[in-house]
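Report on the structure given below.
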Amino acid sequence: MQKLFLYNSLTNKKEPFEPVKEGYVGMYVCGPTVYSNVHLGNVRTFMSFDMIYRYFLHLGYKVRYVRNITDAGHLTDDSEEDKISKKARLEQLEPMEIVQKYTTDFHEILQKFNFLPPSIEPTATGHILEQIEAIETILKNGLAYEVNGSVYFDVLKYNEKEHYGILSKRNIDDAIENTRNLDGQSDKKNPQDFALWKKADPEHIQRWNSPWGIGFPGWHLECTVMSTKYLGEKFDIHGGGMDLKFPHHECEIAQAQACNHVNPVKYWLHGNMLTMNGKKMAKSTGNNILPEEIFSGKNANISKAFTPSVARFFMMQAHYRSILDFSNDAILAAEKGYNRLMEAVELSKKIESSETSTLEVEAWRQKCYEAMNDDFNSPILIAHLFEAVKWINLINDGKESLTQGDLDLLRDTIQTFVFDILGLENVHKHDDNSDRLDGLVQLLIEMRKKAREDRDWALSDQIRDKLIALGIQLKDGKEGTTYSLN
RNA sequence: GGCGUCAUGGCCGAGUGGCUAGGCAGGGCUCUGCAAAAGCUCCCACAGCAGUUCGAAUCUGCUUGACGCCUCCA
């Protein structure tokens with residue numbers, strides 16, 4: 001099995017991956033809060049982990065990939081209203097209608113981007129009982145306290161024996177000094193404390209019964225409970241966006257420690273932000289672009305529509321831990337590179353083998369693995385894939401050659417990395433009219449051929465230029481004319 | 001204010017103490033009726049200032065700038 005190194009946010013180091021249980025990987029990724037459409041920035045994080053999931057599967061691990069749906073509603077501020085209920089009131093819908101609507105949207109979007117579904121996709125509302133039990137355990141262990149029907153985690157007490165800040169590299173004393181004074185009416189003993197259970201006011205729509213009265217679970221508890229339930233007290237990988245590192249993931253560690261006395265996660269992986277115009281994409285600021293807008297081209301920041309696979313390629317060209325800035329120029333450039341890659345992939349199916357090989361396919365294949373083994377370095381992998389693009393074209397020109405065995409290896413490796421691991425798709429516009437379109441274009445190619453034989457350049461160029469205007473690129477080669485659709 | 005990350009060629013983006021990814025755009029050549037496509041090739045960058053070193057863009061310090069977190073956030 002390939003030796004994989006990954007960057008652990010807990011230690012800030014690249015470490016060799018050694019699973020808790022040999023041959024198995026338990027991976028938990030914080031999913032979306034389903035109160036509005038996912039934007040491209042949300043998608044980036046999930047896509048990074050989709051690629052990581054795919055790579056683990058390819059390496060032969062048995063992976064249980066858990067990605068939750070947050071449908072219980074997190075608090076937005078110190079008011080008692082949470083996101084889900086807020087939106088529900090706005091649209092005159094039941095909270096679960098909102099949840100259903102945006103969960104469906106989430107799934108549809110990810111499907112278009114060719115995501116593999118997670119092994120388990122648990123919901124917060126489906127685990128209220130488990131959350132209540134966890135709170136009882138934490139209370140019993142003396143690390144939480146109840147005030148007026150709410151239960152808070154006692155961060156200072158926890159910090160006496162454990163390190164609150166172990167992940168985000170924060171010092172609790174600094175945090176105390178620098179906490180903003182939001183209001184004076186909080187029930188918390190200390191501003192650092194966070195809610196495990198929050199009392200629901202009468203007008204609060206999402207509400208459940210509990211030993212502390214009617215209320216709803218706190219911000220961070222669901223992930224602790226669900227990851228423990230499905231992956232165990234100690235599991236391999238926990239992922240999420242960089243912006244969740246603090247406080248969300250820090251609180252998860254504290255809760256798990258308080259419940260199970262175990263540091264729950266071996267490797268913390270954090271994907272970096274997708275920015276637009278140099279600023280983080282966020283639902284709240286309006287600085288974002290929706291996947292549907294990418295697919296339709298209907299957004300002021302882009303000049304045309306892009307396929308999901310082009311957007312995926314654009315994101316895979318950057319490392320998951322780097323900030324990536326979205327712009328029209330950047331995705332246009334990515335689209336051209338993507339097209340060139342896909343055309344070479346198609347061509348690779350047609351090129352023929354020779355008696356001898358002039359290229360080192362096995363060494364190249366190993367370089368592809370080395371790229372992925374180095375903290376899932378997809379941009380380096382793509383650089384290597386473009387080396388193969390060059391090879392395929394040279395073989396096609398008769399300037400290099402491969403034996404049947406090497407050619408099969410090349411094709412297999414491309415298939416593996418381009419489609420299985422990066423999750424790209426070569427989108428053929430195979431609608432009902434594709435045969436007709438092909439027939440039409442072939443007819444025009446014939447007519448142009450005739451015109452060229454008659455030296456009727458005006459006609460032949462007209463055919464060529466009108467077709468390119470329609471997005472049909474004619475390619476004159478030694479063996480005749482072919483075409484590609486843009 | 002505190003904590004942290006990052007500053008790479010026209011653009012996007014990797015990476016390493018010396019051998020200097022890749023994509024896009026641009027120049028030249030091959031091919032072509034002219035082109036396009038494809039191939040070859042050129043353009044050798046690492047914010048600024050000091051320091052460590054035989055040697056740094058890569059290590060250290062400072063400066064400047066950007067971003068992220070500290071409040072829901074992928």
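Residue numbering restarts at 1 for every chain, and letters A, B, ... go by the order of the sequence lines.
- Taking atom CE of A/Met242 as the reference point, atom C1' of B/rG68 lies 8 Å away to the nearest angstrom.
- As rounded to whole Å, 18 Å separates atom C1' of B/rG22 from atom OH of A/Tyr338.
- Along RNA chain B, the nucleotide closest to A/Glu387 and the one closest to A/Lys245 are compared, and the more 5′ of them pairs with A/Lys245.
- Note on A/Ile331: nothing from the nucleic acid sits closer than 4.0 angstrom, heavy atoms only.
- The CG atom of A/Asn277 sits 17 Å away from the C1' atom of B/rG68 (whole-angstrom rounding).
- B/rC12 and B/rU64 have their P atoms separated by 25 Å, with the value rounded to a whole Å.
- Taking atom P in both B/rA66 and B/rG26, one finds a spacing of 32 Å when rounded to whole Å.
- Spacing between B/rC34 and B/rG18 at atom C1', rounded to whole Å, works out to 49 Å.
- Applying the 3.5 Å distance criterion, the base of B/rA35 shares a donor-acceptor pair with the side chain of A/Arg464.
- Across all strands shown, A/Gly240 has heavy atoms under 4.0 Å from sugar-phosphate atoms exclusively, and none from any base.
- A cation-pi arrangement is found for A/Arg312 relative to A/Phe115, the charged atom lying closer than 6.0 Å to the ring centre and inside a 45° cone about the ring normal.
- Ring centroids of A/Tyr28 and A/Tyr230 are separated by 6.0 Å or more, keeping the two rings apart.
- Comparing the P positions of B/rU8 and B/rG13 gives an interatomic distance of 10 Å, to the nearest angstrom.
- On the P atoms, B/rA35 is 13 Å away from B/rG27, given to the nearest whole Å.
- Here the nucleotide nearest the side chain of A/Ala383, chosen from B/rG22, B/rA74, B/rG39, is B/rG22.
- Contacts of A/Asn37 classified as side-chain contact (heavy atoms from CB on, under 4.5 Å), with partners at least two apart in sequence or in another chain: A/Tyr102, A/Asp105, A/Leu290.
- When the side-chain nitrogen and oxygen atoms of A/Arg340 are compared with OP1 and OP2 of B/rG39, one or more of them lie within a distance under 4.0 Å.
- Distance noted for atom C1' between B/rC31 and B/rC40: 12 Å (whole Å).
- Taking the side chain of A/Lys280 as heavy atoms from C-beta on, and the options B/rG39, B/rC34, B/rG68, the nearest nucleotide is B/rG68.
- An aromatic stack links A/Trp457 and the base of B/rG33, using centre distance under 5.5 Å and interplanar angle under 30°.
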Take A/Ile445 and A/Val441 through the test side-chain contact (heavy atoms from CB on, under 4.5 Å) and record every step on the way to the result. CA-CA 6 Å; A/Ile445 287 172; A/Val441 176; 3.9 Å; yes
Quick test: give all pairs of protein nitrogen or oxygen and nucleotides 11-13 of chain B nitrogen or oxygen below 3.5 Å, distance rounded to 0.1 Å.
residue : atom : partner  : partner atom : Å
B/rG13  : OP1  : A/Asp325 : N            : 3.0
B/rG13  : O2'  : A/Gln317 : O            : 3.4

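- Classified by interplanar angle (parallel below 30°, tilted 30° to 60°, perpendicular above 60°), the ring pair A/Tyr55/A/Tyr369 is tilted.
- The separation between A/Glu400 atom CD and B/rC40 atom C1' is 12 Å, rounded to whole Å.
- For the P atoms, the distance from B/rC3 to B/rU63 is 14 Å, rounded to whole Å.
- Within the 3.5 Å criterion, the main-chain N or O of A/Lys245 finds no donor-acceptor partner in the side chain of A/Glu250.
- A/Phe106 has its ring centre less than 6.0 Å from the ring centre of A/Phe46.
- The CD-C1' distance, from A/Glu346 to B/rA37, rounds to 16 Å in whole Å.
- A straight line from NZ of A/Lys14 to P of B/rA14 spans 12 Å, rounded to a whole angstrom.
- The base of B/rG39 is not paired with the side chain of A/Asn396 by any donor and acceptor separated by under 3.5 Å.
- A/Tyr7 has its ring centre no less than 6.0 Å from the ring centre of A/Tyr267.
- Residues satisfying the side-chain contact (heavy atoms from CB on, under 4.5 Å) test with A/Glu335, not counting sequence neighbours, are A/Lys304, A/Phe306, A/Val310, A/Leu332, A/Asn339.
- Nucleic acid contact for A/Met273: base, since at least one base atom lies under 4.0 Å from a heavy atom of the residue.
- Closest-nucleotide positions on RNA chain B for A/Gly31 and A/Leu474 were compared, and the one nearer the 5' end corresponds to A/Leu474.
- A/Pro16 and A/Phe5 make their closest contact through N-CD2, 3.5 Å (heavy atoms, listed as atom of the first residue, atom of the second, distance).
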Using Watson-Crick and G-U wobble pairs with both distances under 3.5 Å, what is the 5'-to-3' dot-bracket string of RNA chain B, with [ ] for crossing pairs and | for pairs outside the strand? (((((((..(((.....[...))).(((((.......)))))....(((((..]....))))))))))))....
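- Nearest approach of A/Ala305 to A/Phe295, heavy atoms of both residues: CB-O, 3.2 Å.
- By the 30° and 60° cut-offs, the orientation of the rings of A/Phe313 relative to A/Phe386 is perpendicular.
- A donor-acceptor pair shorter than 3.5 Å can be found between the side chains of A/Thr358 and A/Glu400.
- Nucleic acid contact class of A/Gly278 (heavy atoms, under 4.0 Å, all strands): sugar-phosphate only.
- Considering only residues two or more places apart in sequence or on other chains, A/Asn272 meets the side-chain contact (heavy atoms from CB on, under 4.5 Å) condition with A/Arg44, A/Met242, A/Ile323.
- The closest donor-acceptor contact from the side chain of A/His384 to the backbone of A/Arg365 lies at 3.5 Å or more, if one exists at all.
- Here A/His270 lies out of heavy-atom contact (under 4.0 Å) with every strand.
- Comparing the P positions of B/rC19 and B/rA45 gives a spacing of 12 Å, expressed to the nearest Å.
- Nucleotide B/rU71 holds its P atom 14 Å from the CG atom of A/Asp243, rounded to whole Å.
- Here the P atom of nucleotide B/rA37 and the CG atom of A/Leu467 are 15 Å apart, to the nearest Å.
- Residue-to-nucleotide contacts include no donor-acceptor pair under 3.5 Å from the side chain of A/Lys279 to the base of B/rC67.
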Listed pairs, N/O of protein and of nucleotides 25-32 of chain B, under 3.5 Å:
residue : atom : partner  : partner atom : Å
B/rA25  : OP1  : A/Lys336 : NZ           : 3.3

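- Distances shown here put every side-chain N or O of A/Asn393 at or beyond 4.0 Å from the OP1 or OP2 atom of B/rA38.
- The side chain of A/Asn377 contributes an N or O atom lying less than 4.0 Å from OP1 or OP2 of B/rG15.
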